[in-house]
**Q** 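Here you go, one structure.
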Amino acid sequence: MAEAPCASGATAQLAASPHDAVRWKITCMYRQLERVPSMLERLTSLGQGQLSAEVQEWVVGALMRDPYHASHVIDVDYHRRLCKALFAAAERSDDGVTDALADEFQKRQCAVQQSRSGWCQKVWTYGVTGPALGHLGTTASDGASGCIALGLSHDMLAGSTGCHEWEAGFWLAEYVLSNLAAFAGKHCVELGCGAGVVGVALARVGAASVLCTDGSPEAVANCDANLRLNGVGAGDNVRTALLRWEDDPAGGPTPDCILGADLLYDPRAVAPLLHAVTWLLQNTASHGGKGERRAPAAALIATVERNPDTLALFEREAERHAFLQARRVAVPRVQAVSWHEFEALEAARPRLLLHELALRAPGGQS
Ligand SMILES: C[S@@+](CC[C@H](N)C(=O)[O-])C[C@H]1O[C@@H](n2cnc3c(N)ncnc32)[C@H](O)[C@@H]1O
C-alpha cells in the first residue's frame, strides 16, 4: 500500500499546550474549509483580538504554504475569500499587513482554479489512542494522527449526492479504523460508497480486497480519484465499480463483509437496498471462499437518523424479509480512532445507528 498522506511538521502533532490546542483546532477547521468568519474569529482570538504579525506568519507558513495543504486543501475561491478577510483584519491591527500575507493575498487574487469549477478538496484528520497503530497513516510520536483528503462537489445538485461528505460515512470510517481485527484480511464491498472515505479506511486496515460501488457514475469516478488522492492504488486490491441496487449482476463479488453508510434517506431505496444486500450475501454463501474457510458474511449499515418513517420502513421490511435477519447493533460512542474537530459529526453522534444484516438460518428461522 502506498504511504498514507498526512500533514508535515508541527501541524500533524497532537496539541501539547492550550495554545497549541487552539492552533490545532484552527488547522483542522482550515483543512475542512470552515467558514471564513469562523476562521477569522478564531485567528483574531489567537492574537488577543487582533490579527497580529505572529498570527499572520503562522497562517501563511503553517497553513497556506504547508506542502501537504498546498496539494490537498484546494479551493481557489475559499482561499481568495480567506486572504481578503485576513488582509482587511491585518490592516486594522497594530502590526499592519506582513509581507508574507501581502504576497499570499496577491497570489490568491490571481490564482486560477486548477481543479474542476464547483469542486474542492478538504482534509479530515483523525487521532489514534491506545496502542500504536502505525499503519493508519500516523506520523506523530507522542500520539498519532492520520488524514483523509476528499474531492467533493460544492453544489448539492452537481455530482450526485455521493460527492459530498456524510456524517455516517465518516463514522463508519472511524469504526473500520478502530476495529482492525474485524476488517483486516477481509473481502469487503461497500454499497453507495459516495466519496470513498470508508474505502480509504478499509485499505488502511489491510482488507484483502475492497470494492467501492455506487449507482452514480459521477460518484464512482470521484471515489476512484479520491482513493488515488489518499495513496490507495490498484496494488492494494481496492477497486471501484458502478453498481445499482436494483440490478442483479451475474458473477458478482463474494464479500465477507458488506458496508454502507447513510443509505436510508429515500423510502424508494429501501427495497432495492435489501435486494442488493440479499444477493451479495447469497452469492457469498453459494460461491464464496472457494476452499477457504470463511465466517458467514454480514452487512453493516450505518445511518444518521434523519427521517423516522424511512428508518421504520427499513426495519419493518428487513424484519419480515424472507431471507434476511436484521438487528440494531450498539454504536460505540468512544473509539480508538476518532476525527478531530469535526463539528457536524459531533452534532450527529446522538442520532447514529448501526444495523447488521445476515442471511436467515436455513428453514427461515432467525
Ligand atoms: C447519502 S450518500 C452516502 C454516500 C457515502 N456512503 C457516505 O456516507 O459518504 C448515498 C449514496 O448512495 C448512492 N445510491 C442511492 N441510491 C442508489 C441505488 N439505487 N443504487 C446504488 N447506489 C445508490 C448514491 O449515489 C450516494 O452515493
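Order of listing sets the numbers, starting from 1, for every ligand and every atom in it. Positions are given from 1, in the same order as the sequence printed here. Note: hydrogens, waters and symmetry copies are ignored here, and every other heavy atom, side chains too, is used.
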**Q** Sequence neighbours left out, what passes side chain to side chain donor-acceptor pair (under 3.5 Å) with D95? Give chain and number order.
**A** none
**Q** Could you check whether the rings of F342 and F170 sit parallel, tilted or perpendicular, using 30° and 60° as the cut-offs?
**A** perpendicular
**Q** What pairs of residues pass the salt bridge (charged side-chain N to carboxylate O under 4.0 Å, His left out) test when at least one of them lies in residues 45-57, not counting sequence neighbours?
**A** R23-E54
**Q** List the residues meeting salt bridge (Lys or Arg N to Asp or Glu O under 4.0 Å) with E34, not counting sequence neighbours, and say none if there are none.
**A** none
**Q** Distances only, to 0.1 Å: what are the N or O pairs between ligand 1 and the protein that fall under 3.5 Å?
**A**
{"unit_1": "ligand 1", "atom_1": "6 (N)", "unit_2": "G192", "atom_2": "O", "d": "2.6"}
{"unit_1": "ligand 1", "atom_1": "6 (N)", "unit_2": "A261", "atom_2": "O", "d": "2.8"}
{"unit_1": "ligand 1", "atom_1": "8 (O)", "unit_2": "G169", "atom_2": "N", "d": "3.4"}
{"unit_1": "ligand 1", "atom_1": "8 (O)", "unit_2": "A261", "atom_2": "O", "d": "3.4"}
{"unit_1": "ligand 1", "atom_1": "19 (N)", "unit_2": "E246", "atom_2": "OE1", "d": "3.2"}
{"unit_1": "ligand 1", "atom_1": "19 (N)", "unit_2": "E246", "atom_2": "OE2", "d": "3.1"}
{"unit_1": "ligand 1", "atom_1": "20 (N)", "unit_2": "W245", "atom_2": "N", "d": "3.1"}
{"unit_1": "ligand 1", "atom_1": "22 (N)", "unit_2": "G215", "atom_2": "N", "d": "3.0"}
{"unit_1": "ligand 1", "atom_1": "25 (O)", "unit_2": "D214", "atom_2": "OD1", "d": "2.5"}
{"unit_1": "ligand 1", "atom_1": "27 (O)", "unit_2": "D214", "atom_2": "OD1", "d": "3.3"}
{"unit_1": "ligand 1", "atom_1": "27 (O)", "unit_2": "D214", "atom_2": "OD2", "d": "2.5"}

**Q** Do the charged groups of E346 and R349 touch, with an N to O distance under 4.0 Å?
**A** yes
**Q** Could you tell me whether the side chain of D262 and the main chain of W166 form a donor-acceptor pair under 3.5 Å?
**A** no
